[in-house]
Amino acid sequence: MKRYVLPLAAALLSSSSLTAFAQGEKVPPVDFLTWPAAKYQHYYETSSYIAEGWRELGLEVNLNPEPFPNPMLGKWFSEHDFDVVMSVLSGAPYRMEPDFFTNAQFNSAHSAPGDWNVGEFADERVDELGKKQLAIYDADARRDVVLELQEVLYDLQPEAVIGSAISTTAINADNLEIPGYVPAPDGLRSIWNQLEMVSLTGQAVKMGQTIDQASFNPLAANIAEDFNNLSLIYDRLIELGPDGKPRNRLASNIIVVDETTIDVTLREGHTFSDGEPLTAEDVKFSFDYFKEWEAAYYKKYLERLDEVIIQDDGTIRFKLTEAYAPFILHTLGQVFIVPEHVWGSVIEDTGISKPQEFRNTNPVGSGPYSLNYWKEGQEIYFTRRADHFMKPKSDLLFVIFGSAEVVGAALKKGDIDVSLQPLVPTVVDEFEAQENLKIFRTYPNGYMSARYKASGEIFKHKALRQAATAAIPYEKIVDEVLGGDATRSASSIVPINAFWHNDSLPLPEYDIEKAKQILVDAGFTWDENGALHFPE
Amino acid sequence: MRRFLVKRLWHAALTLFVMITGMFFMFRLLPGDPTATVISPALYPKAQAALKAQFGLDQPLWMQYFIYLKNLTVFDFGVSFHTLRPVAGEIGNRMVNTLVLILPSMIFAYFLGALVGAYMAWRRGSKAEGLLVLLATALQSTPVFWLGMLAILFFSLKLDLFPVGHIVSPGKFPQATWQMYFSLDFLHHLALPFMVNVAYQFCFPFLLMRSTMLSTIGEDYIELARMKGVPENKILYHHAMRNSLLPLATTLPMILGWAVAGSVVIETVFSWPGLGLLMVEAVGRSDYPVVQASFLLIAVLTVGGTLLADLMYGLLDPRISYK
Amino acid sequence: MLLDVQDLAKHYVLGEGFSNLFGLSNPQKIRAVDGVSLRLQPGEVLGLVGESGCGKSTLARILVGLELPSSGALLFNGNDIAEDIKSNRKQFHQKVQMVFQDPYGSLNPQHTIEEIVTRPLIYQQLGLSKAELKDRAIDALNDAEMMPAKRYLNKFPHELSGGQRQRVCIARALVLQPELIVADEPISMLDVSIKWSIVRLLKRLVKERNIGLIYITHDLSSVPAICDKLAIMYLGRVVESGLCDDIFKQATHPYTQALLAASPNPNPDVKRGRPNISGAIPNASNIPTGCRFHPRCPNAQPQCATEQPAERHRGYHRAECHFAFDVKIERTKRA
Amino acid sequence: MLRTFLNFFSIVWRSYAGKISLIVFTICMSLAVLGPIAAPYGPTERVYDAAGNLVRLAPPSWDHWLGTTLLGRDVWSQMLWGARPALTIGLLTALGTVVIGVNVGLLAGYLGGAVDSFLMRLTDIFLGLPFLPFIIVLLSLTGQNIWTIILAMMAVMWRSTARIVRAEVLSLRERQFIAAARTTGASDFDIIYREIAPNVMPFALVGITFALAWAIITEASIGFLGFGDPNVVSWGSIIYDAYASQMMYRAPWWVVPPGIAIMILVTSVYFMGRAYEEVVNPRIKQAG
């Protein structure tokens with residue numbers, strides 16, 4: 001309300017006061033949607049540092065912390081009710097797919113409520129390049145387009161990329177070794193590292209976290225922690241390697257026949273945990289089943305899947321409705337292969353109306369672990385399947401705590417071996433000082449940014465976006481808020497995603513003079529109070 | 001008597017019904033997109049629609065309400081949006097955890113408060129009395145979470161006497177849940193939150209006992225006993241205290257109910273997997289079937305406590321007659 | 001005629017209302033006031049005498065508008081105001097004021113004397129200024145012989161003696177300059193030494209200002225000092241009424257006679273007699289048939305149990321007894 | 001009204017404990033009023049040393065009496081700034097609570113009948129409401145700022161005052177001075193608010209003190225559970241900051257002062273309430 005009254009009042013004032021030179025309307029106060037300080041201190045602080053920088057430009061900035069998840073998520077994703085939002089997108093293996101942080105976020109076709117283009121950014125070149133890379137299966141050829149796309153985005157600045165906080169976790173080295181540790185973006189949560197964990201106590205590896213498993217039903221899952229644990233129990237055709245490249249898991253070979261046809265050869269002789277063999281029928285069943293029953297999370301990834309055809313015992317053909325390069329990582333790399341002999345009759349057996357209601361507390365999967373017990377809200381115990389081709393080394397015990405603080409304390413005391421909960425950046429040295437604790441720093445592929453509402457009254461001006469980006473005290477944020485434990489990035493595809501990241505782009509720097517010059521060049525002016533005015 | 005009972009039961013039921021209804025509509029009628037509190041807006045729009053249908057949220061509001069009420073009559077609280085687990089199963093265990101923390105500590109606090117309160121009334125005007133009143137009030141005036149934090153700081157982190165939180169040690173969870181409550185490990189975890197809660201809850205019974213005792217001591221029959229030469233400590237614990245216990249006993253159920261409601265804070269500090277913690281988590285996740293159910297359960301305990309206190313008061317106090 | 005009460009009745013029904021929606025209990029009818037007629041001229045004091053439970057307090061509450069009569073007429077200056085009270089309570093209260101029995105309970109302990117005395121003016125919304133309010137309060141207090149009034153204005157009731165409090169009550173009643181004052185046992189809770197000064201005060205006010213006073217008491221001893229007329233109430237009815245002197249000299253109703261016999265005589269040489277009636281006043285929900293006094297009447301005859309006595313009178317002296325003014329019976333009784 | 005307040009202070013001043021708590025409370029009040037002026041730094045202002053480095057987690061010193069926080073904020077300044085929200089929230093809540101509670105109690109007790117039944121059922125319902133859980137749910141739905149926190153607390157806390165006042169009104173309305181007022185032409189409104197209300201003021205004042213104590217603690221608890229107003233530094237939020245930063249072990253100067261401040265303030269409020277209550281009404285026991 002206020003936002004609409006003020007410019008009007010300002011306009012009336014300026015027209016009556018006969019200013020010597022032409023001055024546009026005063027830039028209205030910037031509504032900066034951010035996180036509540038209490039629980040998300042670092043996100044909130046980051047936004048407050050950004051706001052301070054912008055105030056130097058003559059902008060009036062109002063921080064608007066909203067409770068998370070609601071209504072903050074609602075304002076962020078559904079209502080797009082902000083001028084700037086403190087966007088913090090978490091990393092995930094499948095988000096290594098370059099489409100996710102570029103085209104999916106900035107293509108004007110994705111501006112609907114609930115979709116990813118929350119800033120309602122629209123640019124023809126971005127749309128065009130985005131569409132183009134989707135149809136290129138050859139990684140190198142596709143890479144060129146993705147790099148160019150990043151360049152265009154760098155110029156247009158739909159958001160100011162701050163960087164990503166390094167996620168630091170720790171283990172108790174007295175009880176645990178991880179000989180084959182790989183620096184995956186998801187660190188100790190990565191299946192590649194969990195497979196490598198060796199318990200020195202002869203017991204299961206005890207890992208502390210704060211979130212309980214929601215369910216072991218892959219059709220019902222929709223949060224990251226659920227998928228992590230599901231992938232211990234169920235196999236996928238493809239698994240994203242720690243380096244961001246797809247690796248074969250159940251698949252032994254993948255051939256892109258043409259833009260809309262992909263053939264997958266299945267690993268031979270693998271069985272489910274109940275001893276039944278895993279066949280091409282199970283694979284076809286799984287994809288058809290997820291699509292037929294509209295598993296909520298997978299809906300988007302199965303949209304372009306037209307048909308699954310069993311070529312012969314070991315080969316499955318996927319027919320797509322249109323070219324979709326992310327299909328391999330996003331679809332083959334995410335759909336779990338479930339046994340047809342269990343799920344095929346689950347509705348009749350249990351009397352539920354759809355498979356999403358199935359609790360699946362005793363899951364039968366082909367993965368490297370099987371579920372031993374699940375004390376809901378307290379503990380989950382996975383027993384390793386020694387004969388699995390991924391060669392798990394120890395049993396895993398996930399212990400659920402009420403808060404991250406307690407997980408940290410329990411690790412310090414030796415009650416648990418691993419803290420899956422990232423340590424708050426500023427306490428890391430305290431953990432490092434303790435001898436038996438070993439620190440793991442991981443560089444996630446998620447990132448923080450100030451996302452402008454590019455369709456909004458204020459940030460529809462490209463120059464203002466560019467100037468705002470140059471008025472952010474990046475170094476201070478990294479040093480003071482994130483305790484130095486952060487990497488910066490110029491692009492939304494962060495450096496850890498090395499293959500797709502465009503490293504030719506210079507990091508944006510805090511340069512208030514340059515920022516002001518950009519504004520001057522674009523015709524912005526300041527009044528006697530130092531408040532910024534739009535160009536005439 | 002029967003009419004009194006029926007009336008009180010009817011009032012309690014009415015109270016619960018209004019709360020259930022209020023809670024149901026509060027979630028759906030407050031400003032903002034009602035489903036935004038239910039389904040993560042970050043989900044792909046089509047996925048949102050699918051989820052809405054899955055949870056029955058595509059039905060008209062009044063239908064949802066009737067379905068909700070109908071299911072409540074068979075103790076079906078719906079399915080958690082987060083875990084997809086029937087809420088009833090989820091909260092049952094949590095409630096037991098809350099009760100094993102709150103009940104013993106409250107009863108102990110009452111017991112201790114009554115004894116000390118009676119003794120201090122006897123020694124009224126002494127320095128010890130003044131000090132204890134101050135201490136008890138100060139403890140009651142301290143935010144219980146802060147007390148808990150200091151306890152963790154000192155007893156767990158510094159002296160390493162107790163675990164920092166949680167209900168059993170990781171990996172020590174027995175196969176059957178009931179076994180847990182009888183394990184030493186469990187008691188070890190219970191100790192610190194138990195002590196903190198006792199310290200916090202001690203004040204009320206202490207002051208109540210002290211003031212009732214002070215008025216009891218002034219009564220004639222105590223003087224009479226004294227004149228008859230009954231020993232002082234016998235007068236204290238036999239005559240005076242017995243007659244002062246009534247107001248204390250009758251408030252216990254009500255205070256218990258309130259303590260359950262207040263367990264939210266202490267469970268959060270000690271990461272105690274009880275009903276209160278579940279509720280805070282569920283609020284954070286907008287998992288409102290769980291919020292509604294745990295709220296309802298806590299409400300049943302508080303309403304039940306008040307009801308019980310009312311009935312006890314009526315039963316135990318000969319001066320009260322039923323209307 | 002200042003006040004003309006005609007056949008006034010107040011009946012309560014117990015056990016009715018919500019709790020009896022389902023006919024769970026038998027409603028009981030209580031006839032607290034059961035057909036009372038009274039008349040009062042300005043400047044006159046009417047004494048209303050009876051045992052507790054006879055309905056005199058209910059009658060008083062009706063007269064000051066605290067309760068509405070069930071039936072009967074209530075004429076004030078010739079106008080029937082029974083209906084008027086409902087619609088225009090405020091105006092009615094300006095004309096009729098009450099002095100209560102308990103000077104401790106009838107003053108709001110949280111108010112100063114000034115507040116207590118000015119509140120009636122405020123409630124009446126007369127639109128007086130603060131200064132005017134104060135002046136009128138002082139006048140009223142002076143009239144009630146609280147002198148010097150200024151000294152008492154900021155005091156609280158608990159700082160005053162019983163007699164002073166009753167004067168404040170009277171001042172509160174006077175401040176609205178009423179035409180009629182109903183005083184319900186105004187001296188029964190006061191020390192003997194103060195009683196007479198209050199009685200004298202009331203008497204003086206009535207005469208000086210020409211207002212009507214209904215003086216309610218259960219105790220006949222103070223009556224001759226103040227009352228012009230007297231009405232004796234028994235179980236909701238006036239059983240005997242007339243000029244004060246007539247009644248004291250020639251009481252004709254056995255109940256009045258019993259009351260007179262029981263009342264202490266100011267002359268200490270005269271031994272206080274005992275009432276020659278037995279038992280307690282019956283419950284108003286269970287009024288005896290015939291003459292309502294017959295179960296306790298020393299002279300009761302068979303007809304008393306069946307026939308309700310008609311009113312008999314001699315001049316202004318009236319009585320409800322089958323044998324009223326019957327010399328023979330009187331003589332036997334005196335014997 | 002004013003008279004009752006003055007009376008309150010004079011009664012409290014009579015006892016030894018009351019005197020001390022009144023002094024303590026006055027100090028807290030003046031901190032709340034003057035604190036922001038006296039505070040060397042802003043509530044969220046970061047402190048840099050001469051070299052331009054953030055002064056992080058500095059232990060108490062002459063420059064920083066209570067040390068600094070993880071983000072380089074002066075704890076002493078935060079304590080001073082935090083007094084105001086604690087007391088504002090507490091006092092407003094207590095006042096609102098009592099205004100609602102007294103009115104409900106007056107109306108229910110005086111009007112009786114259906115109004116009484118309805119209001120008492122309403123009170124029963126609110127008495128059965130689990131206090132903190134209800135406030136959390138309410139805040140999660142309506143947004144977290146000082147005003148919703150105050151409203152949420154008020155919505156729950158009026159219940160006990162209402163009950164006590166109603167019981168008192170039931171006996172007051174039978175007193176003769178009510179009939180006396182009625183015969184002078186007082187309307188129901190006059191009787192409720194001019195005759196009865198002054199007599200329940202002592203109960204209201206006792207209610208205010210206990211509500212104040214409760215509100216201060218509850219506000220801190222809400223902050224600790226993460227439902228506090230994110231734009232306001234209060235004693236509760238300082239504790240939460242320290243807790244969430246996992247710094248309480250390393251920086252006791254950060255977590256201890258706000259807890260002690262709350263303890264001292266609330267204790268003094270309790271003692272004032274009790275000192276007054278003992279004189280005014282020896283019958284009612286302090287209830288939660």
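Both backbone and side-chain heavy atoms feed into the values below; hydrogens, waters and symmetry mates do not. Every chain is numbered from 1 and lettered A, B, ... according to where its sequence line falls, protein lines coming before strand lines.
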remark   = Nearest heavy-atom contact between D/Pro133 and B/Ala261 is CD-O, 3.3 Å

query = What residue, out of D/Leu127, D/Val269, D/Ile260, has the most heavy-atom pairs lying under 4.5 Å from chain B?
reply = D/Ile260

query = What's the verdict on side chain to side chain contact (heavy atoms under 4.5 Å, CB included) for D/Ile125 and B/Phe17, showing C-alpha distance, side-chain angles and the deciding distance?
reply = CA-CA 9 Å; D/Ile125 289 165; B/Phe17 175 76; over 6 Å; no

remark   = Of D/Phe227, D/Tyr243, D/Phe126, the largest count of non-hydrogen pairs under 4.5 angstrom with chain B goes to D/Tyr243

message = What's the separation between atom OG in B/Ser141 and atom CH2 in D/Trp214, rounded to the nearest 0.5 Å?
response = 11.5 Å

task = Return the option, out of B/Leu153, B/Val264, B/Val144, with the maximum number of heavy-atom pairs under 4.5 Å with chain D.
result = B/Leu153

inquiry  = Between D/Val256 and chain B, with a heavy-atom cut-off of 4.5 Å, which part of the residue counts as in contact: side chain, backbone, both or neither?
reply    = both

message = Among B/Leu14, B/Val269, B/Ile152, B/Leu150, which residue has the highest count of heavy-atom pairs closer than 4.5 Å to chain D?
response = B/Val269

task = Go through the steps for D/Arg274 and B/Leu207 under the test side chain to side chain contact (heavy atoms under 4.5 Å, CB included), then give the verdict.
result = CA-CA 11 Å; D/Arg274 282 199 206 124; B/Leu207 288 181; 2.8 Å; yes

task = Can you tell which part of D/Ala213 gets under 4.5 Å to a heavy atom of chain B, answering side chain, backbone, both or neither?
result = neither

ask   = Got a sec, which pairs hit salt bridge (Lys or Arg N to Asp or Glu O under 4.0 Å) with one end in residues 113-123 of chain D, sequence neighbours left out?
value = D/Asp116-D/Arg166, D/Arg121-D/Asp124

message = Which one wins on heavy-atom pair count under 4.5 Å against chain B: D/Ile136, D/Ile264, D/Leu132?
response = D/Ile136

task = Among B/Leu134, B/Val291, B/Thr306, single out the residue with the greatest number of heavy-atom pairs under 4.5 Å to chain D.
result = B/Leu134

message = Once rounded to the nearest 0.5 Å, what's the spacing between atom CD of B/Gln140 and atom CD1 of D/Ile217?
response = 7.5 Å

Heavy-atom proximity to chain D below 4.5 Å, by part of B/Val260 = neither

Set of ring-ring contact (aromatic ring centres under 6.0 Å, His included) partners for D/Trp76, sequence neighbours left out = D/Trp65

key: Side-chain touch B/Met26/D/Leu138, heavy atoms, less than 4.5 angstrom   = yes

ask   = At a heavy-atom separation under 4.5 Å, does B/Met254 approach chain D through its side chain, its backbone, both, or neither?
value = neither

message = Less than 4.5 Å apart, side chain to side chain, heavy atoms only: is that true for B/Phe295 and D/Phe134?
response = yes

remark   = Honestly, the part of D/Tyr270 sitting under 4.5 Å from a heavy atom of chain B is side chain

message = For a 4.5 angstrom cut-off between non-hydrogen side-chain atoms, does D/Leu129 reach B/Thr302?
response = no

query = For D/Met263, which of B/Leu147, B/Thr137, B/Thr142, B/Leu139 qualifies under side chain to side chain contact (heavy atoms under 4.5 Å, CB included)?
reply = B/Thr142

ask   = Is the number of heavy atoms from other residues, nucleotides or ligands under 6.0 Å of D/Arg159 CZ greater than 12?
value = yes

ask   = How are the rings of B/Phe145 and D/Phe224 set to each other: parallel, tilted or perpendicular (split at 30° and 60°)?
value = parallel

key: Under 4.5 Å from any heavy atom of chain B - which part of D/Leu265   = neither

Flag, side chain of B/Trp146 to backbone of D/Gly236, donor-acceptor distance under 3.5 Å = no

inquiry  = As an exercise, state the distance from CE of B/Met279 to CG of D/Leu225, rounded to the nearest 0.5 Å.
reply    = 10.0 Å

